[in-house]
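Note sheet for the following structure.
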Amino acid sequence: MASPSTHLSLASGSSTLFCSFPRRQLSPPSTTTRLVASRFKCLAGQTGFFTRLGRLIKEKAKSDVDKIFSGFSRTRDNLAVIDELLLYWNLAETDRILDELEEALLVSDFGPRITVKIVESLREDILAGKLKSGSEIKDALKKSVLEFLTTKGNKTELQLGFRKPAVIMIVGVNGGGKTTSLGKLAYRLKKEGVKILMAAGDTFRAAATDQLEIWAERTGCEIVIAEQENAKASSVLSQAAKRGKEEGFDVVLCDTSGRLHTNFSLMEELIACKKAVGKVVRGAPNEILLVLDGNTGLNMLPQAREFNEVVGITGLILTKLDGSARGGCVVSVVDELGIPVKFVGVGEGVEDLQPFDAEAFVNAIFS
């Protein structure tokens with residue numbers, strides 16, 4: 001166990017059966033592989049391991065801007081009209097141009113409140129003579145959006161506390177992409193030498209356990225699953241936390257059942273899951289990440305509010321944004337809830353769960 005002075009931060013009973021993947025015998029890793037793994041091995045004495053790891057992942061994400069750029073292509077297409085509007089901008093047509101800019105932002109799901117704030121701020125600066133060209137107006141627009149994202153949602157790296165194992169719970173409604181997001185997050189962390197244990201806490205849907213087992217095998221992680229049908233999710237998560245603590249895992253990734261935010265009894269179960277891991281690992285869960293489907297746009301806000309009130313959401317994973325023209329919802333959800341976006345799903349590939357970078361996002365939608 002890490003000492004209290006060791007800060008870890010990242011850029012997130014008998015009814016259980018322990019399984020290890022992959023099942024087949026693997027050849028020993030090459031010397032090169034062992035050197036890389038030892039470089040990132042998490043030891044209690046390595047102060048700031050997760051801090052360094054988080055920065056490394058964030059830097060890699062920044063260098064892979066093409067994924068963010070292509071992932072927001074549909075939103076960018078919606079907002080391309082802004083370039084046309086500002087190309088021949090003149091002071092006499094300020095009202096008309098700002099009205100059309102407002103419409104473009106609303107269509108991309110920036111939301112009425114943010115859109116009005118942005119447009120009125122631009123109007124004031126134009127009339128005050130601070131903005132004198134189309135390019136200056138666009139730069140001011142980008143700066144304004146960036147400020148919304150960084151003022152209320154600046155803690156985009158996973159915060160994993162002071163003790164091993166760090167516990168991350170993944171929650172959300174049905175069909176949002178929780179299990180897939182968990183698998184992709186495991187892949188990203190595993191790639192950097194983090195020892196991961198998965199917990200199949202979606203005990204309502206048998207296919208979810210099968211899906212997570214596939215991800216465990218695919219990523220070379222170990223997994224705890226329910227041995228019996230109708231096992232309590234809190235029991236599975238508790239056993240996973242115990243094993244993670246006893247066997248020196250760095251991170252325990254906990255899947256949970258999808259549930260409607262309006263179903264009180266199912267939402268109460270999340271509280272039980274949260275308490276169960278907290279009894280095993282003090283301060284856990286370190287992160288509770290809510291997965292939201294980007295295709296729902298502003299409709300995700302009621303979901304996020306309810307989940308946040310019940311269990312206290314620490315970060316958001318926005319999925320399926322590559323197929324959505326409503327990328328403005330990223331700004332809306334941060335402004336409305338003050339919860340940072342930590343990852344965005346911008347494709348189907350295993351590496352397409354990208355750490356969220358506000359500046360890269362703004363450049364991608366307003367290129």
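- Taken from OG1 in Thr156 to CZ in Phe343, the straight-line distance is 9.0 Å, to the nearest 0.5 Å.
- Here the side chains of Lys245 and Val252 are not in contact, with every heavy-atom distance at 4.5 Å or above.
- Between Thr150 and Glu359, the side chains place no donor N or O within less than 3.5 Å of an acceptor N or O (distance only, hydrogens not considered).
- Taken together through direct or relayed side-chain contacts under 4.5 Å among Ile, Leu, Val, Met, Phe, Trp and Tyr, Val119 and Leu106 form parts of separate hydrophobic clusters.
- Salt-bridge annotation for Arg305 and Glu309: absent, with no side-chain N of the basic residue lying under 4.0 Å from a carboxylate O of the acidic one.
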Subject >> Pair Trp215-Val350, side chain to side chain contact (heavy atoms under 4.5 Å, CB included): steps then yes or no >> reply: CA-CA 10 Å; Trp215 273 108; Val350 69; 3.7 Å; yes
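- Atom CG of residue Asp95 and atom CG of residue Leu127 lie 7.5 Å apart, to the nearest 0.5 angstrom.
- In terms of hydrophobic clustering, with Ile, Leu, Val, Met, Phe, Trp and Tyr side chains grouped at heavy-atom distances under 4.5 Å, Ile271 and Leu290 are assigned to a common cluster.
- When atom types are taken as modelled, the side chain of Thr256 and the backbone of Ile170 share a donor-acceptor pair closer than 3.5 angstrom.
- The aromatic rings of Phe72 and Phe361 sit perpendicular, their planes meeting at an angle over 60°, well past the 30° parallel limit.
- The minimum heavy-atom distance between Ala233 and Thr203, with the atom names listed, is N-OG1, 3.9 Å.
- Side-chain atoms of Arg76 come within 3.5 Å of backbone N or O of Ala364 as a donor-acceptor pair.
- Within 6.0 Å of atom CZ in Arg96, more than 12 heavy atoms from other residues, nucleotides or ligands are found, so the atom counts as buried in its surroundings.
- Here the side chain of Thr319 pairs a donor or acceptor atom with the backbone of Gly176 at under 3.5 angstrom.
- A side-chain contact (heavy atoms from CB on, under 4.5 Å) with Lys178 holds for exactly one of Leu212, Leu289, Val291, Val173; it is Val291.
- Closest approach of Ala104 to Leu79, counting heavy atoms only: O-CD2, 3.7 Å.
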Subject >> Chi angles and distances behind the salt bridge (Lys or Arg N to Asp or Glu O under 4.0 Å) call for Arg188, Glu192 >> reply: CA-CA 7 Å; Arg188 182 171 286 280; Glu192 305 302 343; over 6 Å; no
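- For the atom pair Leu105 CG and Lys117 NZ, the distance stands at 14.0 Å (nearest 0.5 Å).
- The closest side-chain heavy-atom distance from Leu86 to Ile97 is below 4.5 Å.
- Asn308 places none of its side-chain heavy atoms less than 4.5 Å from the side chain of Leu337.
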Original post:
side chain to side chain contact (heavy atoms under 4.5 Å, CB included) between Leu149 and Val331: does it pass, once the steps are laid out?
Top reply: CA-CA 6 Å; Leu149 291 170; Val331 187; 4.2 Å; yes
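- Here the CD1-CG distance, from Ile288 to Leu316, works out to 12.0 Å after rounding to the nearest 0.5 Å.
- In the hydrophobic clustering of ILVMFWY residues, with side-chain heavy atoms under 4.5 Å counting as a link, Val341 and Leu301 come out together.
- Tracing side-chain contacts under 4.5 Å through hydrophobic residues (I, L, V, M, F, W, Y), one reaches Val81 starting from Ile365; they form part of the same cluster.
- A donor-acceptor distance shorter than 3.5 angstrom exists from the side chain of Lys190 to the backbone of Gly220, with no hydrogens or angles considered.
- Annotation for Cys273 and Met169: closest pair CB-CE, 4.0 Å, computed over non-hydrogen atoms.
- Around the CD atom of Glu93, the shell of radius 6.0 Å holds more than 12 heavy atoms that belong to other residues, nucleotides or ligands.
- Side-chain atoms of Leu318 and Phe356, non-hydrogen and from C-beta on, never get closer than 4.5 Å to each other.
- Formation of a donor-acceptor pair under 3.5 Å by the Gln159 side chain with backbone atoms of Asn286 is not found in this model.
- Between the side chain of Lys342 and the main chain of Glu157, a donor-acceptor pair closer than 3.5 Å is present.
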Subject >> Criterion salt bridge (Lys or Arg N to Asp or Glu O under 4.0 Å) on Asp83 and Lys138, from CA distance to verdict >> reply: CA-CA 8 Å; Asp83 287 328; Lys138 184 175 181 180; 2.7 Å; yes
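- Here the straight-line distance linking atom CG of Leu182 with atom CD1 of Ile196 works out to 9.0 Å at 0.5 Å rounding.
- With 3.5 Å as the limit, one finds a donor-acceptor pair spanning the side chains of Thr314 and Glu287.
- Proximity of a side-chain donor or acceptor of Asp109 to a complementary backbone N or O of Leu298 within less than 3.5 Å is detected.
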Subject >> Worked check of salt bridge (Lys or Arg N to Asp or Glu O under 4.0 Å) between Glu247 and Lys195 >> reply: CA-CA 10 Å; Glu247 299 184 19; Lys195 187 179 180 183; 5.6 Å; no
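- Nearest approach of Gly175 to Asp293, heavy atoms of both residues: O-OD2, 4.3 Å.
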**OP:** Using the side chain to side chain contact (heavy atoms under 4.5 Å, CB included) rule, take Asn295 and Arg326 through it: C-alpha gap first, then chi angles, then the decisive distance, then the call.
**Re:** CA-CA 7 Å; Asn295 287 311; Arg326 308 168 84 175; 5.9 Å; no
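- Linking Ile, Leu, Val, Met, Phe, Trp and Tyr whenever their side-chain heavy atoms come within less than 4.5 Å puts Leu131 and Leu91 in one cluster.
- Although no hydrogens or angles enter the test, the distance criterion places no donor-acceptor pair under 3.5 Å between the side chain of Ser108 and the main chain of Gly328.
- Glu120 contributes no side-chain N or O that, together with a main-chain N or O of Val116, makes up a donor-acceptor pair within less than 3.5 Å.
- Note that the CZ atom of Arg218 and the NZ atom of Lys184 stand 8.5 Å from one another [nearest 0.5 Å].
- Looking at every heavy atom in both residues, Ser332 comes nearest to Gly111 through OG-N, 3.6 Å.
- No side-chain heavy atom of Gln211 sits under 4.5 Å from any side-chain heavy atom of Asp202.
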Subject >> salt bridge (Lys or Arg N to Asp or Glu O under 4.0 Å) assessment of Lys152 paired with Asp335 >> reply: CA-CA 6 Å; Lys152 293 187 177 181; Asp335 181 67; 3.5 Å; yes
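- For Leu237 against Gly201, the heavy-atom pair with the smallest separation is CD1-CA, 3.5 Å.
- Residues Arg205 and Ser257 are not in side-chain contact: their nearest non-hydrogen atoms beyond the backbone lie 4.5 Å or more apart.
- Side-chain N or O atoms of Ser144 include none that pairs as donor or acceptor with a backbone N or O of Leu141 at under 3.5 Å.
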